Amino acid sequence: MKRKFETKAIHIGNKADSESGAVTPAIHLSSTFKQDEIGKDRGYDYSRAGNPTRSRFEENIASLENGSNGISFSSGMSAISALFQTLNSGDHIILSRNVYGGTYRVAVEVFARQGLVFDFVDTTDINNIKSNIKPNTKWIFIETPTNPLLEVSDINSISLLCLNNNIKLNVDNTFLSPYAQSPLTLGADCVMHSTTKFIGGHSDVLGGVLITNNEKLSSDLRFIQKSVGAVPSPFDCWLLLRSTKTLALRVGQSSRTASMIAIELDSHSQVEKVIYPGLESHPGHEIAKMQQLTPDGEPIFGSMISIVLKSKEACDLFLKKTKIFTLAESLGGVESLICSPYHMTHVSVPQNIKEEIGLPPELLRLSIGIEHADDILNDILQAL
Ligand SMILES: *Cc1c(COP(=O)(O)O)cnc(C)c1O
């Protein structure tokens, strides 16, 4: 019988240790593995190429994303880099115009120097993608919802466009996690996560992963993983294995709280604007309702909310007064965090581009944690 998400999260990759019976998998720190004779090993020879703890995590996360292969890396950025490293000089990639700041930076300042060609477009309108497709376009790389404007792109429509043009589609699913959106099911070729965020979920591990059902792509990515060597440590893989067991509980809870808070703030006099895909006023609401689904098929809108206050001074005051929220980059942890993307995560994005994408200095991004919903709301209200 096909197991459900919560059950897979706990059991896949988590079989009891055959030697000792340990219910929690051991962490295999060994860098090298005994070979029984020349050319005969037990599936592992050297930990850069493969490690049992890493294999367990990759099996677990691939099953949660409805993929057959998971290839993990030491950070989200090294996962994205591995995807680009499968390409050749002259290849063209179309990206969402407000992708994660680090994705923009690695594309423009590293891979463009090595001959990859990038276009950044507003992928919420599929016509912008169509008009930018060239004979050398190999990938479309979208983030939905985007950071921090939470713009929603239609994964299924874009995947059909890709199919018709022999282009592959990658979705950075970091903002929702596999619990709240399943891009492979919607037609994407590859899903990327910064496991640093919701998948790790406790702000104590850095990592990245790519998941695919495409065997050729999977073996290309494995080759890059082994050749370049940006692999996660066995301990990090073990932490991630532990974290995915509670992914459904964490993301479910923080999304429910976020929905409640977004509605409360939407009518607050000190808040100029609330950006949250769960609000009917959000331009991507209808698509979000269709594609952001829990494994049981319920619409879910995520734990990230962006709010625009009246002035930079109001933001500074708000940040001083919050007691539960910590001012910090990153997101997706059990604790609520707040950041000013204009000054923090997006500092490497040129000012004219920040203006073009509509990212004002007065915008604050909230990552809602799993503290009690009343305490989170009251903290925001007293700070406002
Ligand atoms: C954090 C993040 C990344 C980069 O991941 P790291 O683990 O920090 O390298 C990529 N995309 C999104 C959407 C992110 O939030």
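Counting starts at 1 for both ligands and their atoms, in listed order. Just so it is clear, the values below take in all heavy atoms, side chains as well, and ignore hydrogens, waters and symmetry mates. Bear in mind that the values here come from a model prediction, so they are computed numbers and not experimental data.
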Quiz prompt | Option with minimal heavy-atom separation from atom 14 (C) of ligand 1, where the choices are K197, H193, E329 | solution = K197

Does any N or O atom in [X] lie less than 3.5 angstrom from one in ligand 1, N or O only?
| X | answer |
| --- | --- |
| T103 | no |
| M77 | yes |
| E143 | no |
| G76 | yes |
| S194 | yes |

Quiz item: So which protein heavy atom does atom 10 (C) of ligand 1 come closest to, and at what separation?
Solution: Y100 CD2, 3.5 Å

Quiz item: So, D296 side chain and E298 main chain: donor-acceptor pair closer than 3.5 Å or not?
Solution: no

Quiz item: So, the side chain of T257 versus the backbone of Q253: is there a donor-acceptor pair under 3.5 Å, distance only?
Solution: yes

Quiz item: With atoms numbered from 1 as shown, which atoms in ligand 1 lie under 4.0 angstrom from a non-hydrogen atom of S75?
Solution: 7 (O), 9 (O)

Quiz item: Which of the atoms of ligand 1 are close to D172, meaning less than 4.0 Å from one of its heavy atoms?
Solution: 10 (C), 11 (N), 12 (C), 13 (C)

Quiz prompt | More than 12 heavy atoms from other groups under 6.0 Å of CD on Q382 | solution = yes

Quiz item: Does ligand 1 have an atom under 4.0 Å from some heavy atom of G207?
Solution: yes

Quiz item: Is the ring centre of F111 less than 6.0 Å from the ring centre of F118?
Solution: no

Quiz item: With a 4.5 Å limit on heavy-atom distance, are the side chains of T144 and S96 in contact?
Solution: no

Exercise. Check the angle between the aromatic planes of F301 and Y276 and answer parallel, tilted or perpendicular using the 30° and 60° thresholds.
Key: perpendicular

Quiz item: How long is the gap from CZ on F175 to CG on L331, to the nearest 0.5 Å?
Solution: 5.0 Å

